[in-house]
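For reference, the structure is listed below as structure tokens.
All chains are named by letter (A, B, ...) in the order of the sequence lines, taking the proteins before the strands, and each is independently numbered beginning at 1. When reading the values below, keep in mind they use all heavy atoms of this one structure, side chains included, and skip hydrogens, waters and symmetry mates.
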Protein chains: 2
Amino acid sequence: MSQISELKKSDTKRDGKKTQDDIVYAHIFDAILEQRLSPGTKLNEESLGEIFGVSRTIIRRALSRLGYEQVVVLRPNRGAVVACPSIEEARQIVFARRVVEKAVMELVCDNAQKKQLEQLRQMVRDEQACFDRGDRGAGIRLSGEFHLLLAEIANNPPLLSFQRSLVSLCSLIIAQYESGAKSHCSYDEHFELIDAIAGKDKPRAVSLMMHHLDHIEEKLSLDDEIATDDLKAIFSHVRNPR
Amino acid sequence: MSQISELKKSDTKRDGKKTQDDIVYAHIFDAILEQRLSPGTKLNEESLGEIFGVSRTIIRRALSRLGYEQVVVLRPNRGAVVACPSIEEARQIVFARRVVEKAVMELVCDNAQKKQLEQLRQMVRDEQACFDRGDRGAGIRLSGEFHLLLAEIANNPPLLSFQRSLVSLCSLIIAQYESGAKSHCSYDEHFELIDAIAGKDKPRAVSLMMHHLDHIEEKLSLDDEIATDDLKAIFSHVRNPR
DNA sequence: CATGCTATAATTGTATACAAAAAAGTCAAC
DNA sequence: GTTGACTTTTTTGTATACAATTATAGCATG
């Protein structure tokens, strides 16, 4: 509908060296992380093309990349929709995240430099500021980026790339299943994590992280039982990839 | 150069429902797994298009998917090459694989059905047969697929998709650094793994798997020191993404 | 008025044309 | 014969046109 900026070349918004599909990808990714795009939303190629002022070619690339990351589901001949993980899938995603986050925490405890600890603290302060001023969207995104920064400090690119996918999937899950208005991933816990890292206390760091992930999973268990009159939710266990 | 089959529609080779870029992707993926494509090989879009009888559009999709899995490196404006992991990157990849394989083995010990154990055994027998008859390429591919089947049995799609990327990267590493003619991933060890799984002996299964991965890593250490007159290898630690 | 069929519109899949960038080749100067 | 500027060729990036597929609307029938 409304063209947001006709990004084209010389787009200073983010970096300038990135190619166009990177920019489109990042915009959609952020929209999902900030929960401005809800699970199940259809992503029409032509509409997105008009919005970003590029051809479908570029949109298609961005969507397939999001598709690899499982953040959107690409249904052959039927277009892309924002992923809508079932409760079972959500559990599998959280499990995978436990596996990765454990490894990341151990690496971070070994590798973290003082400068990086300060970077982490600054990010959590920003996150806190967002929630304080009521900007929940940006807060949620920064919360996710905190976990990505951890994976970056762990200094293992394959794990980082996997983590990127898992973090955005978790954001989707939260968007779908978070019941109350409670902060889904409190910054207090993030500060505690940083302290454990600073003290190179691996067991504590890992245990805090697992506890952190328990919070997400608890919400799944709760919502597992509540009744709903939403057909889509009721039949969400019916795998319908096509 | 030579068109291999003009796949187009009604291609019965693999499945028939898969889309064209899936087929191209699978062909290139297999070629890498079978080490018919060596690290560093340039992947020209037009040539590949002629080979598979499709347009660059399809090739491009397949290459970006491989790029997402880090199996090929996409250099902006300079095309795609088969990834050529440095020793450090190789270590990071093997580390990530330890993390995933450990989780996979634990899940498999919990979940594996008798039928699936038999599937695993059959696959290793096939692998053995390949090596016995001297078809090293197919043997290596089946060896990789054994690990993918494990991840499938673990029943965690995100982990499986990550494993897919890691297994092919490991195959690349082996292609690059394997010195002797020794089997890189002996089927004996695979049979032992299956026995541990059948006995639901998690600690043993995990320990066998770690040992299995040690073999790959050992080769890195060895090759780390040997001299070479190959410029590309000598400067392989120089990160040159563009 | 619900159901099923047909025609039409909308959307995705693929090929191709052209623009932009990089690589390779040419040739002069030292 | 090596170096460096310039030209040509090749290759990649993007837009667009058309084909194939799916969704929608209209209409007839029970």
**Asked** From B/Ile32 CD1 over to B/Leu66 CG, what is the distance, rounded to the nearest 0.5 angstrom?
**Response**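 The CG atom of B/Leu66 is 5.5 Å from CD1 of B/Ile32, to the nearest 0.5 Å.
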**Asked** Roughly how far, to the nearest 0.5 Å, is CZ of A/Phe162 from CG of B/Leu159?
**Response** 5.0 Å
Verify the contact: side-chain N or O of [X] to OP1 or OP2 of [N], cut-off strictly under 4.0 Å; return yes or no.
{"X": "B/Asn77", "N": "D/dT12", "result": "no"}
{"X": "B/Lys42", "N": "C/dA22", "result": "no"}
{"X": "A/Thr57", "N": "D/dT14", "result": "no"}

Between [options], which nucleotide has the shortest distance from any of its atoms to the side chain of [X]?
{"X": "B/Ser55", "options": "D/dT14, C/dT14, C/dT11", "result": "C/dT14"}
{"X": "B/Ile58", "options": "C/dT12, D/dT14, C/dT14", "result": "C/dT14"}
{"X": "B/Val54", "options": "C/dA15, D/dT22, C/dA22", "result": "C/dA15"}

**Item:** With sequence neighbours excluded, residues passing side chain to side chain contact (heavy atoms under 4.5 Å, CB included) with B/Ala151
**Value:** B/Val104, B/Leu160, B/Gln163
**Message:** Among A/Leu120, A/Val108, A/Val124, which residue satisfies the side-chain contact (heavy atoms from CB on, under 4.5 Å) criterion with A/Leu149?
**Reply:**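 Among A/Leu120, A/Val108, A/Val124, the one that satisfies the side-chain contact (heavy atoms from CB on, under 4.5 Å) with A/Leu149 is A/Leu120.
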In whole Å, what is the span from the [atom1] atom of [X] to the [atom2] atom of [N]?
{"X": "B/Ile59", "N": "C/dT16", "atom1": "CD1", "atom2": "C1'", "answer": "15 Å"}
{"X": "B/Phe52", "N": "C/dA15", "atom1": "CZ", "atom2": "P", "answer": "13 Å"}
{"X": "A/Glu46", "N": "D/dT21", "atom1": "CD", "atom2": "P", "answer": "20 Å"}

**Message:** Can you confirm whether A/Val81 sits close enough to A/Leu43 that some side-chain heavy atom of one is under 4.5 Å from a side-chain heavy atom of the other?
**Reply:**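 Answer no - side chains too far apart.
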**Asked** Counting distance only, does the side-chain N/O of B/Asn156 pair as donor-acceptor with the main-chain N or O of A/Gln92 below 3.5 Å?
**Response**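 Here the side-chain-to-backbone pair exists.
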For nucleotides 17-19 of chain C, which of its nitrogen or oxygen atoms have a protein nitrogen or oxygen under 3.5 Å away, and what is each distance?
none

